[in-house]
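Data block below; observations after.
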Number of protein chains: 2
Amino acid sequence: MGVVVASAVANSEEVFTPRQQQVLTAALDLLVEQGDRLTMTSVARRASCSKETLYKWFGDRDGLLTATVQWQAAKVKAPQVDRWRLDAASLRQSIEQFARDLLGTIVGDVSVTLNRLAIGHAGAEKHGLGAIVLENGPLAIRKRLKPVLEAGREARLLRFDSSEEAYRSFFGLVVRDAQIRLLLGETFTPAEAEIARDAARATEQFLAIYAVHQAA
Amino acid sequence: MGVVVASAVANSEEVFTPRQQQVLTAALDLLVEQGDRLTMTSVARRASCSKETLYKWFGDRDGLLTATVQWQAAKVKAPQVDRWRLDAASLRQSIEQFARDLLGTIVGDVSVTLNRLAIGHAGAEKHGLGAIVLENGPLAIRKRLKPVLEAGREARLLRFDSSEEAYRSFFGLVVRDAQIRLLLGETFTPAEAEIARDAARATEQFLAIYAVHQAA
DNA sequence: GAGCGACCGTACCGTACGTTACGGTTCGGC
DNA sequence: GCCGAACCGTAACGTACGGTACGGTCGCTC
């Protein structure tokens, strides 16, 4: 286990020195470039540091990977959608913004790489990375979206039993098969415009399901 | 590359002797048990065969894995939904059946394992497995669902521009975040009943989006 | 029953990589 | 100007595992 990385999961208080962040950046770059096959030697070389330092700071290979994922995941905290009034238009806008954030993140190189890594680890009974990615990916967005959805329900703009359920359908409508296809190696990088269009479509569909019928 | 496994992708004509299938079964079992870390030695031991035979039949480790995935994937070909008349009820029933198939497959141990494996390979620039899994997973279902959707459109029961698009939203509504959560190591195994309920909900939602409004 | 091909079990080889060890350099504190 | 801590670069160690070689057994053919 890592020396600096203590509790393995969700210790966002963890702080890295600038030098350490350089190392983590190097590790992340190599991860994106060559996936899980990166070697400690290559990280050391890329970061211009010694392996000894690597081991001193991160304990072992897993510690380094965990630190990298953790550190990167912590950066995802996108800005809260600030003030939204509770009319149909602004609700729709908030939701669409979330859809764009979510989709944009998920189709990114870094997201694909980190998810691949975490999935690989999960396949080896090491669920630490999976938990971190889960926590900072889908769950983070969900946590931010939930109050919006519930305010929408409060205002009788939306109808659903459980915000959990509603969120999951939202996720499905936004992500569809894009994530699994990317993870499986299909290479497509939607432009900003496509993402926006997809987000709009997903929002439309979500509202078609969960919006209260505005009976004139 | 494998000796027996020729074209790497979608050569379903490939046939394995019973003995070879025993070996592949052993490999699959080990894969489910320990993920990508299975060794050639362990497969040989489990299948009571020599490593030499393994290499003779499958070429190398990748060949064995490819053969395993390919062979397993070929078994997924679920029965076509046979005759469906084109009223709203039977259309709905067909779609719901697809949803159950899809969800049931995806939450299964074997699916999770094989997807993990293929994703790992995709992360190492070896897209063969990813292509196979993609081909036999999502794409196979889509291929079977497509005529149903288009017949529905023909009969003015459904409205959509592209069946591709409609399928992808269907996929999203059915799978939601279940697949990625399982891949990341969350362990939940929905009962038959839950799957059926989720499939029904997804169908409901899909129709809410794509069914033509039956204006009384 | 001799010859032969397919296959098993096991011992062996080569290598890549995680991990450790060590000599040399920089730098802040006194 | 000296000391120790932190760090760099590199060499060395240990091992796990992919891949190969080989002797032995079974079963089939002539």
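Because only heavy atoms are used, hydrogens play no part in the values below, and waters and symmetry mates are left out as well, while side chains stay in. On a predicted model such as this, the values are computed, not experimentally measured, just so you know.
At the phosphate of C/dC8, OP1 or OP2 sits under 4.0 Å from a side-chain N or O atom of B/Thr53. Contact check, B/Arg19 against C/dC8: a side-chain N or O comes under 4.0 Å of OP1 or OP2.
Nearest to the side-chain atoms of B/Lys56 among the listed nucleotides C/dG9, C/dC7, D/dC8 stands C/dC7.
Remark: nothing in residues 26-37 of chain B comes within less than 4.0 Å of DNA chain D through any heavy atom.
Ion pairing between B/Glu164 and B/Lys146 fails under the 4.0 Å rule for side-chain N and carboxylate O. Between A/Asp177 and B/Arg142, none of the side-chain N atoms (NZ, or NE/NH1/NH2) sits under 4.0 Å from a carboxylate O, so this pair counts as no salt bridge.
At whole-Å resolution of the value, CZ in B/Phe58 and P in C/dC7 are 11 Å apart. Nucleotide C/dC8 holds its C1' atom 14 Å from the CD atom of B/Gln22, rounded to whole Å. Residue B/Lys51 contributes atom NZ, which lies 10 Å from atom C1' of C/dT10 at whole-angstrom precision. Going from atom CH2 of A/Trp57 over to atom C1' of D/dC8 covers 11 Å, rounded to whole Å. Put simply, CD on B/Glu52 is 9 Å from P on D/dA21, counting in whole angstrom units. Protein atom CD of A/Gln20 is 11 Å distant from nucleotide atom P of D/dC8, rounded to whole Å. Here D/dC17 presents its C1' atom at 14 Å from CG of B/Leu65, a figure rounded to the nearest Å. Rounded to a whole Å, the CG atom of B/Leu54 is 12 Å from the C1' atom of C/dC7.
Contact check for B/Asp198 versus B/Arg176: side-chain heavy atoms found under the 4.5 Å cut-off. Counting heavy atoms from C-beta on, the side chains of A/Arg201 and A/Gln205 come closer than 4.5 Å.
Within 4.0 Å of A/Thr41, counting heavy atoms only, lies no atom of the nucleic acid at all. In this structure, B/Arg45 reaches neither bases nor backbone, as no heavy-atom distance under 4.0 Å exists between it and the strands shown.
When the ring pair (Phe, Tyr, Trp, His ring centres under 6.0 Å) test is applied to B/Tyr210, the partners found at least two apart in sequence or on another chain are B/Phe206.
Shown here is B/Glu192, whose CD atom has no more than 12 heavy atoms of other residues, nucleotides or ligands within 6.0 Å.
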List the atom pairs, with distances to 0.1 Å, where a side-chain N or O of residues 104-114 of chain A and a protein N or O form a donor-acceptor pair under 3.5 Å, not counting sequence neighbours.
| unit_1 | atom_1 | unit_2 | atom_2 | d |
| --- | --- | --- | --- | --- |
| A/Thr105 | OG1 | A/Asp101 | O | 2.8 |
| A/Ser111 | OG | A/Asn115 | ND2 | 3.3 |
| A/Thr113 | OG1 | A/Asp109 | O | 3.0 |

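Nearest-nucleotide assignment on DNA chain C puts the 5′-proximal partner with B/Ala44, out of B/Ala44 and A/Thr39.
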